[in-house]
Amino acid sequence: MSTGDVTGSGSPEEIDEAERLDCSAVIADVWLLLDNECDTHARARLQSHIDTCAPCLEHYGIEQQLKSLVSRKCGGEQAPAGLRERLTLEIRKTVIIRETRG
């Protein structure tokens, strides 16, 4: 299913539109799933697709292993206080600029 929508045993009309996902969309959102940054509905849709699509399952597994490796090798380290402060300031500036333009 590397290029199509998730399909079940039924016809396309029987498949709820919310359950259809393109593989490229799933791959783009794998990190949201890994980082627990998606709502329960999105999580269920992504997981359902991954469970039935071998290429997406393989990609998910690779990303999961990468996340685990990075966590083991870099976990617990913190950025220097000055860097954190500069990043926080830049993020605030970006938010303020977007709010005034939006």
Side-chain angles (χ1 to χ4, degrees):
M1 269 195 237
S2 60
T3 59
D5 290 337
V6 175
T7 58
S9 58
S11 68
E13 295 82 23
E14 295 171 336
I15 300 167
D16 182 28
E17 184 65 31
E19 297 307 315
R20 295 182 188 192
L21 285 178
D22 185 84
C23 292
S24 61
V26 172
I27 290 171
D29 289 343
V30 160
W31 280 95
L32 294 176
L33 185 62
L34 287 170
D35 292 338
N36 295 318
E37 294 181 354
C38 53
D39 61 37
T40 54
H41 180 69
R43 171 174 294 288
R45 290 178 63 218
L46 290 167
Q47 193 64 55
S48 175
H49 180 93
I50 289 169
D51 290 345
T52 59
C53 179
C56 288
L57 177 61
E58 181 179 3
H59 182 79
Y60 176 80
I62 291 168
E63 297 297 335
Q64 191 175 39
Q65 289 175 358
L66 177 63
K67 181 178 170 75
S68 177
L69 177 65
V70 169
S71 178
R72 280 195 315 272
K73 298 297 180 183
C74 302
E77 294 183 25
Q78 291 187 4
L83 176 60
R84 286 195 314 263
E85 290 171 10
R86 286 194 312 257
L87 288 173
T88 301
L89 180 61
E90 288 301 318
I91 290 169
R92 287 183 181 147
K93 285 181 187 176
T94 302
V95 170
I96 290 170
I97 290 170
R98 286 190 180 180
E99 285 178 356
T100 58
R101 289 184 185 170

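- In this view, L32 and D29, E37, C38 satisfy the side chain to side chain contact (heavy atoms under 4.5 Å, CB included) rule, not counting sequence neighbours.
- In the hydrophobic clustering, where aliphatic and aromatic side chains (Ile, Leu, Val, Met, Phe, Trp, Tyr) are joined below 4.5 Å either directly or transitively, L87 groups with L83.
- Looking at heavy atoms from C-beta onward, C23 lies in side-chain contact with C53 at the 4.5 angstrom threshold.
- Legend: salt bridge (charged side-chain N to carboxylate O under 4.0 Å, His left out) pairs involving residues 57-69, not counting sequence neighbours, sorted by first then second residue: D35-K67.
- If you check the side chains of R72 and S68, you find a donor sitting under 3.5 Å from an acceptor.
- Contact annotation: the side chain of E85 never approaches that of L89 to less than 4.5 Å [non-hydrogen atoms, C-beta and beyond].
- Note: L57 CG to Q47 CD = 8.5 Å, rounded to the nearest 0.5 Å.
- The structure places NE2 of H49 at 12.0 Å from CG of L33, a figure rounded to the nearest 0.5 Å.
- With S48 contributing its side chain and A44 its backbone, the two residues share no donor-acceptor pair below 3.5 Å.
- Residue Y60 is tested with L34, L46, I27 for a side chain to side chain contact (heavy atoms under 4.5 Å, CB included); the sole match is L34.
- Residues passing the side-chain hydrogen bond (donor to acceptor under 3.5 Å, both in side chains) test with R43 are N36, sequence neighbours excluded.
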